[in-house]
Amino acid sequence: MTEVFLRLPIKSILRFRAVCRSWDALLSSEEFCNLHMAATESASTPPKLLFASPAANFNYSTALYSCSLSGRRDDLLFTIDDARDNFVDVSPAPCHGLSLLYDAVAPAYYICNAATRTVTRLPPFFEVSNATAGLGFDAQTRKYKVVRIFKGLGPETGSLYCEVYTLGGEDGDNWRPVCGGVPFRFCSFARSAIWYAVFRKMQPVFADGFLHWLIEPASFLPKRQGLLSSFTVQNTGQ
């Protein structure tokens, strides 16, 4: 039965969870979810695009759509109320099937699952004008984490901070600062990563267990661009 379930699409899995309690326990277990994710990633499926657009009712709601490059119609995933599409940023690439959305008007972060059509709004955070965030996956704890780097306001304008939100973590539903903050030797790179994300709309990408920010060329790297990699996804204590 498990081998059959692993070959089914997500829509069928969600329907079959309602058959009986034993099927629901199997199909919602962490072991099965990991196996199904691995099978889906290894399959040669055509890529899809995830994009935001105004909702049909035009009441400042944003609809999230998924479309295939070869398809002729868009698939409506869900709608976020009180969010304007031209102020909603979508992460450039999904992280193990999840995507990070940022609503600049609220402001608020959302984690969405295009396969199950679910969306989770993250708790409030310290609001600033210059910040960047990315979604990663901790292979050791099997938890998703959002890493956020931002500049302080007022007398702390030049200060840099980094905080992490763990989806379903043991520390509760809140953001927590990383131990030691942003190392001084990385401050200039972090400022460049924030600038690139805010003004060039180049958000970080998760790959090979790390989040990667694109940074501007420095004086000692003429005509070159670099990457700032975050190890806080794997170890929030550093």
Side-chain angles (χ1 to χ4, degrees), residues 37 40-41 43-54 62-71 74-80 83-122 125 128-139 143-151 162-167 189-217 224-234:
M37 182 185 299
T40 303
E41 291 178 349
S44 56
T45 56
K48 291 187 176 182
L49 297 177
L50 181 68
F51 64 94
S53 179
T62 296
L64 270 293
Y65 293 89
S66 174
C67 69
S68 174
L69 298 179
S70 59
D74 301 329
D75 187 14
L76 175 62
L77 301 178
F78 49 80
T79 301
I80 302 178
R84 302 185 185 184
D85 67 290
N86 53 332
F87 291 98
V88 174
D89 293 329
V90 183
S91 57
C95 173
H96 292 222
L98 299 185
S99 298
L100 181 66
L101 280 67
Y102 174 64
D103 176 15
V105 176
Y109 286 103
Y110 298 86
I111 294 180
C112 69
N113 189 328
T116 61
R117 300 170 184 256
T118 57
V119 58
T120 301
R121 179 168 176 164
L122 303 190
F125 50 88
V128 293
S129 57
N130 294 329
T132 176
L135 174 64
F137 181 74
D138 189 338
K143 297 291 185 181
Y144 290 91
K145 298 183 179 182
V146 179
V147 180
R148 182 169 176 262
I149 306 174
F150 60 95
K151 294 181 180 180
C162 181
E163 57 186 11
V164 177
Y165 174 80
T166 302
L167 187 63
F189 300 110
R191 292 189 182 94
S192 180
I194 294 174
W195 185 91
Y196 229 100
V198 173
F199 297 102
R200 296 288 184 89
K201 302 298 181 181
M202 301 294 292
Q203 299 299 330
V205 175
F206 180 77
D208 298 328
F210 297 89
L211 280 167
H212 302 277
W213 278 267
L214 189 64
I215 61 176
E216 277 285 275
R224 293 184 181 181
Q225 293 175 322
L227 290 175
L228 175 65
S229 299
S230 170
F231 48 83
T232 53
V233 173
Q234 294 184 332

> Nearest 0.5 Å, what's the OG1-CG distance between T132 and L214?
Replying inline: 11.0 Å
>> Could you measure the distance from the OH atom of Y110 to the OG1 atom of T120? Nearest 0.5 Å is fine.
In response: 11.0 Å
> Got a second to check how far N113's CG is from T118's OG1, nearest 0.5 Å?
Replying inline: 4.5 Å
>> Minimum heavy-atom separation for F150 and A131, please, with both atom names.
In response: CB-CB, 3.5 Å
>> Please find the pair of heavy atoms, one from V205 and one from P92, that lie closest to each other, and give the distance.
In response: CG2-CG, 3.6 Å
> How far apart are the closest heavy atoms of I149 and A190, and which atoms are they?
Replying inline: CG2-CB, 4.3 Å
>> Let me confirm one number: the CZ-CG distance from R191 to N130, rounded to the nearest 0.5 Å.
In response: 11.5 Å
> Under 4.5 Å between any side-chain heavy atoms of W213 and Y196, yes or no?
Replying inline: no
> Which of parallel (below 30°), tilted (30 to 60°) and perpendicular (above 60°) describes F125 and Y102?
Replying inline: tilted
> Is any side-chain heavy atom of Q203 less than 4.5 Å from a side-chain heavy atom of S91?
Replying inline: no
> Between A106 and R121, which heavy-atom pair has the shortest distance, and what is it?
Replying inline: CB-NH2, 4.0 Å
>> If you define the side chain from C-beta out and look only at heavy atoms, does anything of V128 sit under 4.5 Å from R148?
In response: yes
> Going through the checks in order, is the side chain to side chain contact (heavy atoms under 4.5 Å, CB included) test met by L135 and Y109?
Replying inline: CA-CA 11 Å; L135 174 64; Y109 286 103; over 6 Å; no
> Where do L211 and P204 come nearest, in terms of heavy atoms and distance?
Replying inline: CD2-CB, 4.4 Å
> Just wondering, do K143 and L167 contact through their side chains at under 4.5 Å, heavy atoms?
Replying inline: no
>> If we check side chain to side chain contact (heavy atoms under 4.5 Å, CB included) with I111, which of these qualifies: V119, V146, L101?
In response: V146
